[in-house]
Amino acid sequence: MKHHLSQLLSEAVQTLQSHGDLPADLSIKIGLERTRDRKHGDFASNLAMVLCKPAQSKPRDLAEKLVAALPDSDQVTKIDIAGPGFINFFLSPAAYHATLSQVLKQADRYGRSNLGQGKSVQVEFVSANPTGPLHVGHGRGAAYGATVADLLAAVGYRVHREYYVNDAGRQMDILATSVYLRYLDLCGEELVFPANGYKGDYVWDVAASLHREHGDDLRHPAAEIFADTPADEPNGGDKELHIDALIQRCKDLLGTEHYRETFDLGLDSILENIRRDLEEFGVHYDDWFSERSLTENGLVESAIQRLKETGHIYEKKGALWFRSTDFGDEKDRVVVRENGQSTYFASDIAYHMNKLERGYDRVIDVWGADHHGYVPRVKAALSALGDDAGKLDVLLVQFAVLYRGGKKVQMSTRSGEFVTLRELRQEVGNDAARFFYVMRKCEQHMDFDLDLARSQSNDNPVYYIQYAHARIASVLRQMPDRGMQWDSNMGEQNLHQLTESHEDALMVNLSRYPELVEAAAINHEPHAIAHYLRDLANDFHTYYNAHQFLIEDQALRNARLSLIQATRQVIANGLKLLGVSAPDSM
RNA sequence: GCGCCCGUAGCUCAGCUGGAUAGAGUACCGCCCUCCGAAGGCGGGGGUCACAGGUUCGAAUCCUGUCGGGCGCGCCA
């Protein structure tokens with residue numbers, strides 16, 4: 001619908017150009033918007049105002065010329081020039097009837113398009129360290145990333161969803177060490193657990209598995225582990241130095257093989273937990289990309305090599321530095337430490353290099369906003385490697401703060417007191433969780449009201465929308481008892497009988513849906529879908545209260561049934577995009 | 001100190017690439033079920049779009065500065 005009008009305008013511009021009313025070398029985008037006020041028609045274009053300068057004419061004069069040059073269309077009944085020079089389009093009822101038929105015909109495909117033309121895009125999201133269960137902060141990234149991916153898929157991109165598994169590095173060593181210390185505890189050793197270790201219950205679970213497999217075979221006296229280690233924080237020492245020493249001691253005492261086994265046991269069980277959690281949340285991946293594999297396949301090495309060859313690496317204080325300041329970063333960054341170990345950043349360079357080498361047209365990273373300072377250096381690295389950093393979009397998701405009983409739910413990673421995603425899902429349900437997470441635009445801090453999400457009341461937007469869907473389903477269910485059935489052909493032939501203002505409003509909103517999905521996909525804004533659905537549900541509830549559907553007049557009845565059937569369809573399609581169910585009864 | 005994000009109704013938030021009289025929900029007040037699901041609908045009050053400049057036909061939207069809130073500034077990941 002919008003594309004059609006856009007096309008008409010662009011033809012009009014060409015006509016004026018050929019007449020010399022407009023310069024030939026214009027590069028303009030056609031501005032065309034839905035009107036806010038129905039009095040201004042259905043669509044409005046500001047084209048005449050934008051072009052009045054190059055045309056050297058008054059906006060309204062130019063508007064008249066443009067309108068005169070517009071080709072005829074059976075979808076348009078009237079074109080007005082209004083205000084400072086808006087061109088207002090009034091669409092014919094037939095245009096709306098056509099979209100209604102389209103909704104019914106295309107069913108769950110209505111709203112999909114080929115905007116992306118099959119271009120490939122990789123979306124990496126969540127990618128939480130497998131050192132513990134997902135918490136509510138990850139939940140927002142999960143819901144957001146999954147929806148952005150689904151939106152892009154809906155408008156014709158080939159989407160590859162990926163989770164980057166940080167299965168290497170110091171945090172994982174801390175986990176492995178934590179597991180081993182809990183194992184020793186289970187063996188009967190008495191020890192003081194390090195301040196910087198992972199204290200969650202899940203660590204005990206992994207330790208128990210280790211103990212089941214090996215009994216006391218891996219046991220070493222606690223005294224031996226802790227001998228000569230630097231003091232821990234509670235004893236006035238440095239918790240980082242303390243844990244590092246413990247890691248080293250564990251590696252030495254366990255030996256490569258058993259250390260690796262302990263490490264992998266923790267990794268696998270936690271990763272499995274994360275996988276299951278996300279699956280249950282309706283978040284699916286095509287790939288779980290291992291950070292460790294980067295090193296094992298020499299990708300980190302070759303990335304650094306490439307940077308060296310192009311002169312972007314220098315040595316200072318025994319470490320290797322990437323001169324990211326050449327590409328706009330605040331300071332240069334270490335890629336290989338003094339101790340010879342490559343940094344997390346080095347892995348990330350290799351990972352992003354690999355992403356682009358895989359040939360994606362676009363690459364999207366969804367990160368927590370606390371990582372925003374990291375963006376320039378990753379882009380710098382891609383530029384230094386000669387890749388197109390513009391292909392990478394980093395979407396930053398702000399934190400979500402939980403409220404229960406009107407009070408902020410306190411969380412701190414330090415004490416291990418955080419609400420897990422699983423707990424949240426159990427408390428409010430998957431539907432409410434998915435919906436609430438994407439209700440706000442991602443750069444907006446979010447107050448997540450648990451009581452509201454859980455409440456089965458009109459306050460809760462999820463139920464409000466689902467209720468509209470269930471109500472329609474309920475109406476359709478009751479037809480057989482009244483000896484009625486929906487005749488879709490008769491419905492379509494009588495759409496002209498839908499003359500009530502409620503029906504008009506509903507049809508307008510249904511026709512907006514494809515435009516909305518496209519905009520939401522391109523701008524990575526799932527919240528637009530959430531707001532739209534609320535709006536659409538409102539249109540329906542209003543209609544429902546004002547008019548009857550199951551009436552004697554067959555022609556009108558079938559027309560109305562077609563309308564609400566189409567409404568049901570669009571609500572279902574929209575909810576599907578958000579990962580929310582559309583129940584027939586509730 | 002520097003950088004990024006945010007500041008719109010009492011509260012939570014929309015506001016599309018700069019467009020016409022700034023909108024929802026909630027809370028508050030008043031109405032609507034012999035009627036397809038009242039988990040609903042209708043009406044009402046409520047605004048210096050943080051503040052001050054600038055850009056232009058036009059600014060909540062873009063630019064600069066100030067104030068307020070969040071986050072980040074490791075040879076951690």
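When reading the values below, keep in mind they use all heavy atoms of this one structure, side chains included, and skip hydrogens, waters and symmetry mates. Every chain is numbered from 1 and lettered A, B, ... according to where its sequence line falls, protein lines coming before strand lines. No experiment lies behind these values; they were computed from the predicted model shown.
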Give me, pair by pair, the N or O atoms of the protein and of nucleotides 73-77 of chain B that are less than 3.5 Å apart, along with how far apart they are.
| residue | atom | partner | partner atom | Å |
| --- | --- | --- | --- | --- |
| C73(B) | O3' | Lys331(A) | NZ | 3.4 |
| C73(B) | O2' | Lys331(A) | NZ | 3.3 |
| C75(B) | O2 | Glu338(A) | N | 2.7 |
| C75(B) | N4 | Lys317(A) | O | 2.8 |
| C76(B) | OP2 | Arg337(A) | NE | 2.7 |
| C76(B) | OP2 | Arg337(A) | NH1 | 2.3 |
| A77(B) | OP1 | Arg337(A) | NH2 | 3.0 |
| A77(B) | OP2 | Tyr344(A) | N | 3.2 |
| A77(B) | O2' | Asn129(A) | OD1 | 3.2 |
| A77(B) | O2' | Asn129(A) | ND2 | 2.7 |

Across all strands shown, which nucleotide pairs with U26(B) by Watson-Crick or G-U wobble geometry, both distances under 3.5 Å?
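Checking every strand shown, U26(B) finds its partner in G10(B), with both distances under 3.5 Å.
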
With both distances under 3.5 Å as the test, what is the Watson-Crick or G-U wobble partner of C62(B)?
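Check on C62(B): paired to G54(B), both distances under 3.5 Å.
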
N/O donor-acceptor pairs under 3.5 Å from side chains in residues 368-379 of chain A, not counting sequence neighbours:
| residue | atom | partner | partner atom | Å |
| --- | --- | --- | --- | --- |
| His372(A) | ND1 | Ala369(A) | O | 2.8 |
| Lys379(A) | NZ | Leu392(A) | O | 2.8 |

Send over the distance from Asp451(A) CG to A27(B) P, rounded to a whole Å.
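So the CG-P distance, Asp451(A) to A27(B), works out to 13 Å.
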
Partner residues of [X] under the ring-ring contact (aromatic ring centres under 6.0 Å, His included) criterion, sequence neighbours left out:
| X | value |
| --- | --- |
| Phe436(A) | Phe448(A) |
| Tyr532(A) | Tyr513(A) |
| Tyr467(A) | His541(A) |
| Phe263(A) | none |

Using the salt bridge (charged side-chain N to carboxylate O under 4.0 Å, His left out) criterion, which residues pair with Arg38(A)? Sequence neighbours excluded.
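With neighbours one apart ignored, the set is Asp42(A), Asp504(A).
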
Could you pull out all residues at least two apart from His445(A) that satisfy side-chain hydrogen bond (donor to acceptor under 3.5 Å, both in side chains)?
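Expected list: Gln398(A).
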
Quick one: classify the glycosidic conformation of C33(B) as syn or anti, with syn meaning within 90° of 0.
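Syn, angle within 90° of zero.
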
If only side-chain N and O atoms count, and only distance matters, is there a donor-acceptor pair under 3.5 Å linking Ser347(A) with Glu291(A)?
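Yes, because at least one side-chain N or O of Glu291(A) sits under 3.5 Å from a partner of the opposite role on Ser347(A).
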
Give one of base, sugar-phosphate or nothing for His372(A), where a contact means two heavy atoms less than 4.0 Å apart.
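Answer is base: heavy atoms of His372(A) come under 4.0 Å of a base.
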
Within the 4.0 Å heavy-atom criterion, would you say Asn538(A) contacts the bases, only the backbone, or no part of the nucleic acid?
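Asn538(A): backbone/sugar contact only, no base atoms under 4.0 Å.
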
Separation between the P atoms of G54(B) and G44(B), rounded to whole Å
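About 38 Å, rounded to a whole number of Å.
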
According to the salt bridge (Lys or Arg N to Asp or Glu O under 4.0 Å) rule, which pairs have a member within residues 557-571 of chain A, sequence neighbours left out?
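Qualifying pairs, neighbours excluded: Glu503(A)-Arg560(A).
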
Taking salt bridge (Lys or Arg N to Asp or Glu O under 4.0 Å) as the cut-off, I'd like each qualifying pair that reaches into residues 325-343 of chain A, sequence neighbours left out, listed once.
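Non-adjacent pairs meeting salt bridge (Lys or Arg N to Asp or Glu O under 4.0 Å): Asp329(A)-Arg333(A).
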
Using atom names, set out every protein N or O paired with an N or O of nucleotides 35-37 of chain B below 3.5 Å, distance rounded to 0.1 Å.
| residue | atom | partner | partner atom | Å |
| --- | --- | --- | --- | --- |
| C35(B) | O2' | Gln548(A) | OE1 | 2.8 |
| C36(B) | O3' | Gln478(A) | OE1 | 3.0 |
| C36(B) | O3' | Gln478(A) | NE2 | 3.1 |
| C36(B) | O2' | Gln478(A) | OE1 | 3.0 |
| C36(B) | O2' | Gln478(A) | NE2 | 3.0 |
| C36(B) | O2 | Phe549(A) | N | 3.4 |
| C36(B) | O2 | Leu550(A) | N | 3.2 |
| C36(B) | N3 | Phe549(A) | N | 3.0 |
| C36(B) | N4 | Tyr544(A) | O | 2.8 |
| C36(B) | N4 | His547(A) | O | 2.1 |
| G37(B) | OP1 | Ser474(A) | OG | 2.9 |
| G37(B) | OP1 | Gln478(A) | NE2 | 2.5 |
| G37(B) | OP2 | Gln478(A) | NE2 | 2.7 |
| G37(B) | O2' | Tyr467(A) | OH | 2.3 |
| G37(B) | O2' | Arg471(A) | NE | 2.9 |
| G37(B) | N7 | Ser474(A) | OG | 3.0 |
| G37(B) | O6 | Met586(A) | N | 3.4 |
| G37(B) | N1 | Met586(A) | O | 3.4 |

Expected string for nucleotides 7-16 of chain B under the B/S/- scheme (protein heavy atoms, under 4.0 Å, primed atoms plus P, OP1, OP2 as sugar-phosphate) is -----SSSSB

